[in-house]
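The sequence lines fix the lettering, A, B, ..., with proteins before strands; numbering per chain opens at 1. Just so it is clear, the values below take in all heavy atoms, side chains as well, and ignore hydrogens, waters and symmetry mates.
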Protein chains: 2
Amino acid sequence: MVVYELSEEQVNKVFRALADATRRDIVRRTLHAEISISDLAASYDMSFAAVQKHVAALEAAGLVRKIARGRERIVRGQPDTIRHAQELLSSLEEIWRQRISRLDDFLASEDT
Amino acid sequence: MVVYELSEEQVNKVFRALADATRRDIVRRTLHAEISISDLAASYDMSFAAVQKHVAALEAAGLVRKIARGRERIVRGQPDTIRHAQELLSSLEEIWRQRISRLDDFLASEDT
DNA sequence: GTAATATACAACCAAATGGTTGTATATGAG
DNA sequence: CTCATATACAACCATTTGGTTGTATATTAC
């Protein structure tokens with residue numbers, strides 16, 4: 001399995017993009033079904049341009065893509081990027097798990 | 001298993017805190033071993049106060065805790081909060097998985 | 001062809017972020 | 001006791017963020 005590593009800057013963008021409730025909601029909805037920017041904009045209490053900017057931030061992070069369909073732009077969630085973020089968090093957890101494991105080994109050696 | 005739900009604002013803080021390479025490095029190191037703020041500050045090309053602020057951001061997000069030990073503050077990574085963020089990302093992936101499953105069902109019904 | 005809809009994008013602004021320096025306090029070493 | 005170390009925290013500043021309005025362009029509907 002080939003995994004394309006994200007640069008630190010890309011990782012920053014991904015987490016930064018996820019650090020906003022509106023953007024997380026956009027990701028949820030675009031993973032769930034086909035939806036245009038207008039559809040999205042109708043749901044939030046802010047201007048169309050503001051929603052457009054949120055979508056742009058998500059797109060720059062690789063969390064969504066825009067697909068042209070007539071005059072509309074369908075926003076499509078990108079599960080691969082989400083999985084990438086998950087894996088990064090898993091690697092952090094793994095560091096801790098290994099520390100606990102080292103500690104257990106130490107305690108076991110103390111007992112002998 | 002009791003899971004304490006994070007508020008939207010807390011989730012924002014967690015992802016915001018993770019959206020910086022220095023802070024991710026601090027999390028890694030504090031999960032790996034006992035380390036003080038001074039130890040951390042020695043490794044980065046910025047002032048002690050700047051590192052202090054990064055630790056404060058991580059602490060506000062629940063990603064680390066500070067434990068007093070003499071005049072030092074030991075910074076301890078908090079794996080539970082990381083796991084929480086992971087679960088949130090998993091729930092997003094799950095939305096997509098279910099959509100694919102729905103699509104499969106639809107295609108299967110088309111075939112009959 | 002004209003009007004309405006969907007999007008793009010620039011300019012602007014207030015607030016938040018990420019750094020700095022400076023000062024104060026608490027603890028440890030000699 | 002005195003000095004050095006570790007931390008806390010405030011004030012300041014440049015840049016980024018997250019919203020706004022306004023204007024332009026492309027596509028669809030009638």
Side-chain angles (χ1 to χ4, degrees), chain A residues 7-30 33-77 85, chain B residues 7-30 33-77 85:
Chain A
S7 70
E8 289 289 87
E9 198 44 55
Q10 278 297 308
V11 174
N12 290 354
K13 282 183 188 169
V14 171
F15 284 124
R16 189 80 196 68
L18 289 169
D20 178 280
T22 301
R23 286 194 294 259
R24 286 193 299 275
D25 195 58
I26 291 174
V27 170
R28 264 181 230 111
R29 294 176 64 188
T30 57
E34 301 271 292
I35 189 162
S36 72
I37 301 183
S38 289
D39 292 337
L40 288 168
S43 327
Y44 307 111
D45 186 25
M46 64 184 76
S47 67
F48 178 84
V51 174
Q52 237 179 345
K53 279 205 197 176
H54 282 308
V55 171
L58 290 166
E59 191 178 28
L63 284 163
V64 306
R65 276 196 200 177
K66 285 188 291 187
I67 311 289
R69 195 162 71 190
R71 64 184 157 185
E72 293 188 326
R73 298 292 176 274
I74 301 302
V75 184
R76 190 173 291 180
Chain B
S7 69
E8 289 288 89
E9 197 44 54
Q10 278 298 307
V11 174
N12 291 353
K13 283 183 188 170
V14 171
F15 285 123
R16 189 79 196 68
L18 290 169
D20 178 279
T22 301
R23 286 194 294 259
R24 285 193 299 275
D25 196 58
I26 290 175
V27 170
R28 265 180 230 110
R29 293 176 64 188
T30 58
E34 301 270 293
I35 189 161
S36 72
I37 301 182
S38 289
D39 292 336
L40 288 168
S43 327
Y44 307 111
D45 185 26
M46 65 184 74
S47 67
F48 177 85
V51 174
Q52 237 179 347
K53 279 204 197 178
H54 282 308
V55 171
L58 289 166
E59 191 178 27
L63 285 163
V64 307
R65 276 196 201 176
K66 285 189 289 187
I67 311 289
R69 194 162 71 190
R71 63 185 157 183
E72 295 188 325
R73 299 292 177 272
I74 301 302
V75 184
R76 189 171 291 180

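- How far OG1 of Thr30(A) is from CD1 of Ile37(A): 11.0 Å, rounded to the nearest 0.5 Å.
- Chain B approaches DNA chain C within less than 4.0 angstrom (heavy atoms of the protein), and the contacting nucleotides run 5' to 3' from dT17(C) to dG28(C).
- Using a 4.0 Å cut-off, some side-chain N or O of Arg16(A) falls inside it from OP1 or OP2 of dG18(D).
- At least one side-chain heavy atom of Phe15(A) sits under 4.5 Å from a side-chain heavy atom of Arg24(B).
- Regarding Lys13(A), its NZ atom lies at a distance of 14 Å from the P atom of dG18(D), rounded to whole Å.
- The backbone N or O of Ala17(A) lies less than 3.5 Å from a partner atom in the side chain of Arg23(A), making a donor-acceptor pair.
- With the nearest nucleotide of DNA chain C identified for both Lys53(A) and Arg71(B), Lys53(A) has the one nearer the 5' end.
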Does Val75(A) form a side chain to side chain contact (heavy atoms under 4.5 Å, CB included) with Glu59(A)? I'd like the steps, not just the answer. CA-CA 9 Å; Val75(A) 184; Glu59(A) 191 178 28; over 6 Å; no
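- Note that CG of Asp20(A) is 6.0 Å distant from CG of Asn12(B), once rounded to the nearest 0.5 Å.
- In this structure, CG on Leu40(A) lies 4.5 Å from CD1 on Ile35(A), to the nearest 0.5 angstrom.
- Nucleic acid contact for Arg23(B): sugar-phosphate only, since backbone atoms but no base atoms lie under 4.0 Å from a heavy atom of the residue.
- If you check every strand for non-hydrogen atoms under 4.0 Å, Ala49(B) touches a base.
- Computed from coordinates, the Asn12(A) CG to dT16(D) P distance equals 13 Å when rounded to whole Å.
- In this structure, the CD atom of Gln52(A) is 14 Å from the C1' atom of dA26(D), given to the nearest Å.
- In DNA chain D, stems built from 3 or more consecutive Watson-Crick or G-U wobble pairs, each with both distances under 3.5 Å, span C:1-30 with D:1-30.
- Sequence order on DNA chain D of the closest nucleotides to His54(A) and Glu72(A) puts His54(A) first from the 5' end.
- In this structure, Ser47(B) OG and Lys53(B) NZ are separated by 8.5 Å, a value rounded to the nearest 0.5 Å.
- Nearer to the 5' terminus of DNA chain D, by closest-nucleotide assignment, is the contact made by Thr22(A) (compared with the other of Thr22(A) and Arg73(A)).
- Not counting sequence neighbours, the partners of Glu34(B) by the salt bridge (Lys or Arg N to Asp or Glu O under 4.0 Å) test are Arg99(A), Arg69(B), Arg76(B).
- In this structure the side chain of Thr22(B) reaches within 4.5 angstrom of the side chain of Met46(B), judged on heavy atoms.
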